[in-house]
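Below: one structure, written as structure tokens.
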Amino acid sequence: MLSEPRSGRLAAWGNALLAGLVSPDDAVLAIVGEDAVHRVEGLPGESGPVGLTLALGRLRALGVKGLRVALPAPGHPLGLSGPPDFNARALDAEEAVVCHGVALGLVPEVYEAGPEGDVHVEVVWHCLAVREAPPADVPSLGEAERELAEALREATEVLSRLDVAGSGPVAEAAVDAYRARAERGREVLAPGYPPRAVRVLELAQRVGLLISVAYENGHGGAVSASEISARVVALRPVERTARRAQVAAYNAFVEERERGGR
């Protein structure tokens, strides 16, 4: 939950590329990450899927000035602006990238291929028309940072109240994985992002880690179905806050450029 989304990598490194801060090769390498390959389908002027390098170049030629992230969930169209078809596909994927400057958006579809024991991941980004309107429910970085501080306290209190195990091999593995990811991902937002955006994203991922431990690390003292359900209900607002903060962090590059900060 709330690990680094593919839409976040595409937006962050795509923004750095559009701003001339990284090379196309470096941007594509960072976006693809551990996946085998990414392609973009449905680009205007292209009859079939194309590679990321060509796709990002084409988007720039079309007039795209920046990339924003959407992380929608049922009942919460976070970062979306329509139309319904695009929103539905983004909700199904639980993420999307929305272009700034041109009414286009990108929704990932993930495939696993290869024999057992040697499975690799391929991603196709579907390019679709979007509505030019402000994205839904995206806070400023300042708002996100304040909300996260409270959310972190709430998450800790909820876990304590519900007697969720905070130790043991599963929890320790989750913490170790988070720390390793944080060390690897010091530039996860790519060059050009303000330091506050990095702080907000790291705190959002920390809150997400606590939620993951609550959902995945056994049942602690919540042994009944009703108690487990109560845990989900109690943590849902915290998870919502963390998702909003993630989107605010990834979108900070475009917001600053819109304000003339860069």
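- Legend: salt bridge (charged side-chain N to carboxylate O under 4.0 Å, His left out) pairs involving residues 77-94, not counting sequence neighbours: none detected.
- Residues passing the side-chain hydrogen bond (donor to acceptor under 3.5 Å, both in side chains) test with Asn15, sequence neighbours excluded: Tyr193.
- For Asp35, the salt bridge (Lys or Arg N to Asp or Glu O under 4.0 Å) partners are Arg6, Arg9, not counting sequence neighbours.
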Output side-chain donor-acceptor pairs under 3.5 Å for residues 128-140, partner residues at least two apart or in another chain, one line each.
| unit_1 | atom_1 | unit_2 | atom_2 | d |
| --- | --- | --- | --- | --- |
| Arg131 | NH1 | Ser81 | O | 3.4 |
| Asp137 | OD1 | Arg244 | NE | 3.4 |
| Asp137 | OD1 | Arg244 | NH2 | 3.4 |
| Asp137 | OD2 | His76 | NE2 | 2.6 |
| Asp137 | OD2 | Arg244 | NE | 3.1 |
| Ser140 | OG | Glu143 | N | 3.1 |
| Ser140 | OG | Glu143 | OE1 | 3.4 |

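- The side chain to side chain contact (heavy atoms under 4.5 Å, CB included) check on Ala93 picks up Val107, Pro108, with sequence neighbours excluded.
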Atom pairs and distances, donor-acceptor, side-chain atoms in residues 41-55, under 3.5 Å, two or more places apart:
| unit_1 | atom_1 | unit_2 | atom_2 | d |
| --- | --- | --- | --- | --- |
| Glu41 | OE1 | His126 | ND1 | 3.2 |
| Glu46 | OE2 | Arg58 | NH1 | 3.1 |
| Glu46 | OE2 | Arg58 | NH2 | 3.0 |

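- Taking the salt bridge (Lys or Arg N to Asp or Glu O under 4.0 Å) definition, one finds that Arg196 meets it with Glu145, sequence neighbours left out.
- If you chain together ILVMFWY residues whose side-chain heavy atoms come under 4.5 Å of each other, Val37 ends up in a group of its own.
- Scored by the side chain to side chain contact (heavy atoms under 4.5 Å, CB included) test, Glu112 finds Val119, Val121 as partners (sequence neighbours excluded).
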With a 3.5 Å cut-off and sequence neighbours excluded, list the donor-acceptor pairs that the side chains of residues 18-29 form with protein atoms.
| unit_1 | atom_1 | unit_2 | atom_2 | d |
| --- | --- | --- | --- | --- |
| Ser23 | OG | Asp26 | N | 3.1 |
| Ser23 | OG | Asp26 | OD2 | 3.4 |

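- Under the side chain to side chain contact (heavy atoms under 4.5 Å, CB included) criterion, Pro237 pairs with no residue at all, not counting sequence neighbours.
- The hydrophobic cluster containing Val124 also includes Tyr111, under a criterion of side-chain heavy atoms closer than 4.5 Å among ILVMFWY residues, counted directly or through chains of members.
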